[in-house]
There are 2 protein chains.
Amino acid sequence: MSRPKATRVSMADVAKLAGVSSQTVSRVANGHPSVVGSTRQQVLAAMKELHYRPNSAARALKSGQFRTIGVILFTLSSTGNSRTLEAIATHAALQGYAITLIPVAVPTQDSVLGAFTRLGELAVDGVIVIMEVHLLDAATVTLPPNVQVVVVDSDAGDRYAVVDTDQADGARQAVEHLLELGHRTVWHVTGPEESFAGERRTQAWRDTLTAAGREIPPPLRGDWSAESGYRAGLALADEPGCTAVFAANDQMALGVLRAMHERGRAVPADVSVVGFDDIPDATSFIPPLTTVHQDFAEVGRRCVEGILRQIDSGETGPGTALVPTRLQVRSSTAPPPPGR
Amino acid sequence: MSRPKATRVSMADVAKLAGVSSQTVSRVANGHPSVVGSTRQQVLAAMKELHYRPNSAARALKSGQFRTIGVILFTLSSTGNSRTLEAIATHAALQGYAITLIPVAVPTQDSVLGAFTRLGELAVDGVIVIMEVHLLDAATVTLPPNVQVVVVDSDAGDRYAVVDTDQADGARQAVEHLLELGHRTVWHVTGPEESFAGERRTQAWRDTLTAAGREIPPPLRGDWSAESGYRAGLALADEPGCTAVFAANDQMALGVLRAMHERGRAVPADVSVVGFDDIPDATSFIPPLTTVHQDFAEVGRRCVEGILRQIDSGETGPGTALVPTRLQVRSSTAPPPPGR
DNA sequence: CTGCGTAATGTTTACGTAAACATCAGCTCG
DNA sequence: CGAGCTGATGTTTACGTAAACATTACGCAG
């Protein structure tokens, strides 16, 4: 480590140039009222001349606040995570907060624990966790006491504040849409086992079919990837009774579409397909995909609001906030072929 | 703002419990060699008992270094940006650096300037800019002198260190692949005008055709979205001479595929399509897409390496580093139909 | 016209860390 | 056997900011 030491301009420098005390400079910088106009002008001029910028480290040391929110996440490769992160960053910036990213390479308990441990040394006032959350269980103890937490995609509503898309209602809308079109039942390609979001979508699919008194076909396990949707789709294409498929996300729906296409089963004439997420590309699938729209921006906004409320009040606020979903009907769904 | 004041544990507290001076605690914390084993053990035990965590604000104030890298970006909605960001975050974490996100909501010069201004107050040692960079021109002056910069996707190699995918070579590979298959010429759906990456891909497409002595069809302007690719695709489907399309990214290629499908032009039998990026979904397009693979992880890694080198040396290092691309051949390309 | 309140500004101090310097004990070497 | 050195630890100080307290000066009420 060399010492470039670009001799940062401090309040003392500004004070000297303006002929006032450094405390007056501080008052001007923080908009304190009891500074007379002429003095304020002088200080502002000096600041400008020296290109003064406050030192956030010193400020944080003094105030104990960093005006920074940490975001722990496992991956950015899913549309949902990156869109949520973007919304978080945007809203945090509006409130004058910065975002520090804490990637967890492998979603093991050890690495999550490691992330939480490092957290104590990180300059953050609060943390938003975007992750399958049963990995958090053991991490609770390590949480620094003065750091607030908001969790996305979790069932930890009893311990932390949780913000999530209303997965169950979205899945219900998807399944009911297909039943209303006249399908006897709806087949399902699930997300990975360890995903709470996926679990909840699957549960709601099952519940909706049960409530309607329909038969429940065996679900096919996917892992969110288009590839896994394709494999499931190949299996479904060979099921003669399958006329409607609910894929737990749009990527897997894309895979199902390809499988149906390759096996010569027309969508939506022979088989209807519904996805979940409403990624931008979904409008250009073949055919354009009917899917459940998630409002990631709203999720991000509520996360920031929640964490800031906690930081300001100093109180953790367990409880779950659900962001509603909306079914976006496009061209991949239709009534079943006659005779079914 | 209330004062929760969870009375953080400081070195002094640890020192008192361990019966040593705070300086000795500091030495243990930083792995300084001249602390005898028994003392070290005592201090470590005290740290553990009190759950001591170093205060990064104080450390930063003392050292002038934050061990943090700022990343300025316009949007996370493009695959490239979010994948690059992820790689940056991962590699920075490996080096003990945190990432601070600085989103710029609207890509105007004003807001970029604003981001750079706020930067001076932010606790960062260096900045990575992921953005169309002609917006940076006016921002140069505002850059705090002790903050290093690395830029992605830019032609600013004369002023900043630039890391980028070898756009030109990737586009060349795509076009040559199509020519080698026997196509007379290659049509092109471009990215948005203001994108350097897009510009470079278009230029290389033109150059490659020129070098091969082929006719250069008028390029169709897109905006990276699948929707825009679809519109371009509809136009291309009506061009009887069009047997090969190079789309400047995979999303637009998806749109082209849909347009061809709707107009009854088979891919690849009637028309070949090549994309750019190799997003994960590309394997599940109908048909699986031949595309230029970008190594975003490598781009991110080199960004971090570059910025850390600059931080350590205290010197800016202009110059451009190019990350190679690779053509990933799948099923969307084939020789042109006979008679063309 | 004198004393007191108040508004404007200055001075002191503390935040937690770590570099620089100071001290002390034990050991080597002449 | 003692001077000097070395290694372990303690003490002082500074980083830049802002709260708390101190000091002016001025105006107004008694």
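Only heavy atoms go into these numbers, but all of them, side chains included; no hydrogens, no water, no symmetry mates. Reminder, nothing fancy here: chain letters follow the sequence lines and each chain counts from 1.
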Nucleotide nearest B:Pro54 (side chain, heavy atoms from C-beta), chosen from C:dG10, D:dT17, C:dT17: C:dT17
Length of the line joining B:Lys62:NZ and D:dT12:P, which is rounded to integer Å: 16 Å
Separation of C:dC21 C1' from B:Arg27 CZ (nearest whole Å): 11 Å
Sugar-phosphate only, base, or nothing, as touched by B:Ser10 at under 4.0 Å among non-hydrogen atoms: sugar-phosphate
Between D:dT9 (C1') and B:Lys16 (NZ): distance, integer Å: 19 Å
Distance in angstrom units between A:Phe66 CZ and C:dC15 P, rounded: 15 Å
Closest non-hydrogen atom pair, B:Leu76 against A:Ser82: CD1-O, 3.7 Å
Touch class at under 4.0 angstrom, heavy-atom based, for A:Val20 against every strand present: sugar-phosphate
Spacing of B:Leu61 atom CG relative to C:dA19 atom P, expressed in whole Å: 13 Å
Residue A:Asn30, side-chain heavy atoms: nucleotide from D:dC15, D:dT17, D:dA18 that is nearest: D:dA18
Spacing of B:Met11 atom CE relative to D:dT9 atom C1', expressed in whole Å: 15 Å
Chi angles and distances behind the salt bridge (Lys or Arg N to Asp or Glu O under 4.0 Å) call for B:Arg302, B:Glu305: CA-CA 5 Å; B:Arg302 293 219 197 163; B:Glu305 272 178 9; 5.9 Å; no
Where B:Phe296 and B:Ala87 come nearest, the two heavy atoms and their spacing: O-CB, 3.9 Å
Side-chain-base donor-acceptor pair under 3.5 Å for B:Gln23 and C:dA20: yes
Check: A:Arg53 side chain, D:dG16 base, donor-acceptor under 3.5 Å: no
Test side chain to side chain contact (heavy atoms under 4.5 Å, CB included) applied to B:Val163 and B:Val304, B:Ile130, B:Thr320, B:Val299, the passing residue: B:Val299
Touch class at under 4.0 angstrom, heavy-atom based, for B:Val35 against every strand present: sugar-phosphate
Under-4.0 Å side-chain N/O to phosphate OP1/OP2 contact, A:Arg59 with D:dG16: no
Phosphate contact (D:dG10 OP1 or OP2) by B:Thr24 side-chain N/O below 4.0 Å: yes
N/O (side chain, A:Ser22) to phosphate O (OP1/OP2, D:dG16) under 4.0 Å: no
Euclidean distance, atom CD of residue B:Gln65 to atom P of C:dA19 [Å, nearest integer]: 12 Å
d(NE2, B:His32; P, C:dA19) in whole Å: 7 Å
Short side-chain N/O contact to D:dT9 OP1/OP2 from B:Thr39, under 4.0 Å: yes
Over all atoms of both residues, closest heavy-atom pair of B:Ala89 and B:Ile99: CA-CG1, 3.7 Å
Most 5' of B:Ser21 and A:Ala29 on DNA chain D, judged by nearest nucleotide: B:Ser21
Distance-only polar pair, side chains of B:Glu86 and A:Ser77, donor-acceptor under 3.5 Å: no
Along DNA chain D (nearest heavy atom to each residue), the more 5'-positioned of A:Ser56 and B:Val36: B:Val36
